[in-house]
Colleague: 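Dropping the structure in here first, questions after.
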2 protein chains.
Amino acid sequence: MRIMDAIDRRILRIVQKDASLSIYEIATQVGLSQTPCWKRLQRLEASGVIKRRIALLDPAKVGLGITVFVSIQVGDHSGKALARFAAEVSAMEEVLDFYRMAGDVDYVLRVVAPDTSAFDAFYKRLIEMMPLKNVTSRFALESIKSETALPIAT
Amino acid sequence: MRIMDAIDRRILRIVQKDASLSIYEIATQVGLSQTPCWKRLQRLEASGVIKRRIALLDPAKVGLGITVFVSIQVGDHSGKALARFAAEVSAMEEVLDFYRMAGDVDYVLRVVAPDTSAFDAFYKRLIEMMPLKNVTSRFALESIKSETALPIAT
DNA sequence: CTTGAAAGACAGCGGGG
DNA sequence: CCCCGCTGTCTTTCAAG
């Protein structure tokens, strides 16, 4: 895999903000002609730096008003039980983010739901999956910032 | 704004997973011809259900290996100080998500950084912005699931 | 890297059923 | 909703400097 130069990083900064731009517009912004700019994009996609192109939806407009952070401490730390737990939690579509953590908390989930009763149904399914020592749900009142574009070093 | 029917929801489920598909491919999957499918997409974009189209990058491949959840309890709850705090934190590019919370924790941030020393630099900037009663940083060891596609009710 | 050109795919929009 | 077809833009590839 080749190195990523300053122009590649500029291209990445552009497409992770707006992937609907044409090659011509991107090429103009980074000071290239279309052909080399297109080749760089192909290379960035082939090497996996660009994973995929997606459409971002408005959560409220598809009926998902609630965001909850769930912190979990498990009781049983045996590998087999944890692997099954990870697979089952990943399969739940309400779970958007799922991290294994350092420190006192074992897992953190970011969960979306239409309303509190839907979240409660999710919660009950979650705690029945395996014996959990502690589960803390923190409800978001307001999303102040929600960014998918990564900060790319210059 | 018109109602969103089952076909609209199917279109949304497709494009939030892969926005590189052509109109023809989407139309085929939902059982429409190109023209009405294209009109539905236009309407979904005009009404703001589809916010924008972006490219998703691999964090590790752009040198962002660290994800940290930061929980904040503020000391001063006066509106003016909080508004300034919210604006300043939002402006920090390491902050990808920033929520105001219900309960004991006032704010939760999801922060990315190249390494722990870069996070430490961020942390120092953060705690100097205003007097904070408690700031807890939890480091992610592993991202088990990271999903941008919202679960759309059938 | 550049320009220029060519072929094909696709979006975007109309008319008609 | 369907199909047909037009028009222009864009992608993708090529040759040549």
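In this text, all values refer to a predicted model and were calculated from it rather than measured experimentally. First the proteins, then the strands, lettered A, B, ... as listed; each starts at 1.
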Colleague: Could you encode protein contacts along nucleotides 11-17 of chain D as a string, one character per nucleotide from 5' to 3', using B for base contact, S for sugar-phosphate-only contact and - for no contact, with a heavy-atom cut-off of under 4.0 Å?
Modeller: BSBB---

Colleague: Checking side chain to side chain contact (heavy atoms under 4.5 Å, CB included) against B:D106, which of B:H77, B:M101, B:R100 comes through?
Modeller: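 That would be B:H77; it is the only one of B:H77, B:M101, B:R100 passing the side chain to side chain contact (heavy atoms under 4.5 Å, CB included) with B:D106.
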
Colleague: Can you check the A:I7 CD1 to C:dC1 P distance for me, whole Å?
Modeller: 7 Å

Colleague: To the nearest angstrom, how far is B:R40 atom CZ from C:dA11 atom C1'?
Modeller: 19 Å

Colleague: State, yes or no, whether a side-chain contact exists between A:L12 and A:I50 at a heavy-atom distance under 4.5 Å.
Modeller: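 Yes. Closest side-chain heavy atoms under 4.5 Å.
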
Colleague: Which label fits A:F85 and A:Y107: parallel for a plane angle under 30°, tilted from 30 to 60°, or perpendicular past 60°?
Modeller: tilted

Colleague: Just one of A:V111, A:L109, A:V95 clears the side chain to side chain contact (heavy atoms under 4.5 Å, CB included) bar with A:L126, so which one?
Modeller: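 So, applying the side chain to side chain contact (heavy atoms under 4.5 Å, CB included) to A:L126 and each of A:V111, A:L109, A:V95, only A:L109 qualifies.
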
Colleague: Are A:R40 and A:I7 side-chain neighbours, meaning at least one heavy-atom pair lies under 4.5 Å?
Modeller: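 In contact.
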
Colleague: Starting at atom CZ of B:R43, determine the distance to atom P of C:dG12, rounded to an integer number of angstrom.
Modeller: 16 Å

